[in-house]
Student: 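Could you have a look at this structure, given as structure tokens, before my questions?
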Amino acid sequence: MKQTYLPGTVRERLQDLMKQHKLTQSELAQKIDVAESTLSRFISGRTDKLGDESVIRIAEIFNVSTDFLLGAVDEPDRKNYDISELGLSVDAARNLYAGRVNADVMNRLLVNPHFAEATYLISRYLNDELAKGFAAQNQLYDAVVSLMSGDKHIAHDVSTLKIPVYQADLSAIQPATYDSR
């Protein structure tokens, strides 16, 4: 649920955010690298000057947009993020920006309740985490089969326990990806 604030001045917004985050003027001044007296004079209205860099740092500290902080919008949610904050490569961002990727589909994926789980499973698949474990397990089965070469039935039974190294990953990814049609 989005949190919406009443219209307010930058001073009121700043005071509300400080209360909400239980941050004192002294602590905030230190975080934005200004003198406490400068911040105090600004909040009390004795001066209208607060540098652009300070406003940007305040927005970053409270994870709100500068538009919200300045009173231009009443929703604190940030709408603009740096590519590095999102973890996207430049090529991925370029594809999104150029319209090579269907933005509607991308949005639906991102808000899908199973998307985080599916991306986690896919990353494990791409990193070969489970595959390495199954490959080692299969090597053990092969060793047992070679030791049991005298008893073809036991060797066959042990051999059937082997799992294709990527099968477990793919079996886990498929339900997570297609579960919510």
Side-chain angles (χ1 to χ4, degrees), residues 1-5 17-18 20-23 27-28 30-33 53 56-69 73 75-181:
M1 180 164 79
K2 288 184 180 178
Q3 187 174 7
T4 304
Y5 288 72
L17 288 167
M18 288 170 55
Q20 181 182 350
H21 291 271
K22 296 176 175 68
L23 203 61
E27 292 167 331
L28 181 59
Q30 185 177 3
K31 286 180 182 257
I32 63 171
D33 199 26
E53 272 302 311
I56 291 169
R57 285 187 193 131
I58 291 169
E60 288 172 349
I61 288 166
F62 293 122
N63 198 29
V64 297
S65 68
T66 52
D67 284 349
F68 169 76
L69 196 57
V73 297
E75 291 180 11
D77 296 338
R78 291 174 55 199
K79 303 234 184 307
N80 298 313
Y81 292 89
D82 187 90
I83 291 172
S84 62
E85 289 179 281
L86 297 174
L88 295 175
S89 68
V90 173
D91 289 337
R94 188 179 299 121
N95 286 338
L96 282 167
Y97 185 74
R100 293 184 199 125
V101 174
N102 184 321
D104 182 51
V105 171
M106 196 64 176
N107 283 325
R108 288 180 188 209
L109 282 171
L110 291 169
V111 298
N112 183 298
H114 301 289
F115 186 70
E117 178 187 358
T119 56
Y120 170 72
L121 293 170
I122 290 168
S123 72
R124 285 180 36 187
Y125 172 77
L126 294 174
N127 292 333
D128 288 337
E129 286 179 29
L130 288 177
K132 290 174 186 172
F134 284 112
Q137 177 181 310
N138 289 342
Q139 286 177 341
L140 288 173
Y141 288 146
D142 286 339
V144 170
V145 166
S146 69
L147 291 173
M148 297 301 200
S149 59
D151 189 337
K152 298 289 183 190
H153 293 313
I154 293 177
H156 176 9
D157 289 347
V158 171
S159 190
T160 61
L161 295 173
K162 291 172 56 174
I163 297 172
V165 291
Y166 291 106
Q167 186 59 48
D169 282 335
L170 295 174
S171 296
I173 291 169
Q174 189 174 8
T177 308
Y178 298 108
D179 204 19
S180 61
R181 287 183 197 187

Student: If every non-hydrogen atom of Phe62 is compared with every non-hydrogen atom of Leu17, which pair is closest and at what distance?
Tutor: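 Phe62 and Leu17 have their closest heavy atoms at CE2-O, 3.7 Å.
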Student: Ignoring hydrogens and geometry, is there a side-chain-to-backbone donor-acceptor pair from Asn112 to Arg108 under 3.5 Å?
Tutor: no
Student: A quick test of your reading: do over 12 heavy atoms of other residues, nucleotides or ligands sit less than 6.0 Å from NE2 of His21?
Tutor: yes
Student: Is there side-chain contact between Val158 and Met148, with at least one heavy-atom pair below 4.5 Å?
Tutor: no
Student: I'd like to check the side chain to side chain contact (heavy atoms under 4.5 Å, CB included) partners of Thr119; sequence neighbours left out, ordered by chain and number.
Tutor: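 If we apply the side chain to side chain contact (heavy atoms under 4.5 Å, CB included) test to Thr119, skipping adjacent residues, the hits are Phe115.
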Student: With rounding to the nearest 0.5 angstrom, report the CG to OG distance, Asn138 to Ser159.
Tutor: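 If we round to the nearest 0.5 Å, Asn138:CG and Ser159:OG are 9.0 Å apart.
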Student: Where do Asp157 and Thr160 come nearest, in terms of heavy atoms and distance?
Tutor: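 Smallest interatomic distance, heavy atoms only, reads O-OG1, 2.6 Å.
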Student: Does Asn107 form a side-chain contact (heavy atoms from CB on, under 4.5 Å) with Val111? I'd like the steps, not just the answer.
Tutor: CA-CA 6 Å; Asn107 283 325; Val111 298; 5.8 Å; no
Student: Supply the atom-to-atom distance Ile61 CD1 to Lys31 NZ, rounded to the nearest 0.5 angstrom.
Tutor: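 Interatomic distance, Ile61 CD1 to Lys31 NZ, rounded to 0.5 Å: 6.0 Å.
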Student: Hey, could you give me the NZ/CD distance between Lys22 and Glu27, rounded to the nearest 0.5 Å?
Tutor: 12.0 Å
Student: Walk me through it: do Asp33 and Arg57 pass the test side-chain contact (heavy atoms from CB on, under 4.5 Å)?
Tutor: CA-CA 9 Å; Asp33 199 26; Arg57 285 187 193 131; 3.9 Å; yes
Student: In Å and rounded to the nearest 0.5 Å, what is the CD to CG distance from Gln30 to Leu28?
Tutor: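 Answer rounded to 0.5 Å: 10.0 Å.
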Student: Looking only at heavy atoms, what is the nearest atom pair of Arg100 and Arg94, with distance?
Tutor: NH1-CG, 4.1 Å
Student: Can you name the closest pair of heavy atoms from Leu69 and Ala59 and give their distance?
Tutor: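 Heavy atoms only, the tightest pair is CD2-N, 4.0 Å.
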Student: Pair Leu161, Gln137 - check side-chain contact (heavy atoms from CB on, under 4.5 Å), show working.
Tutor: CA-CA 10 Å; Leu161 295 173; Gln137 177 181 310; 5.9 Å; no
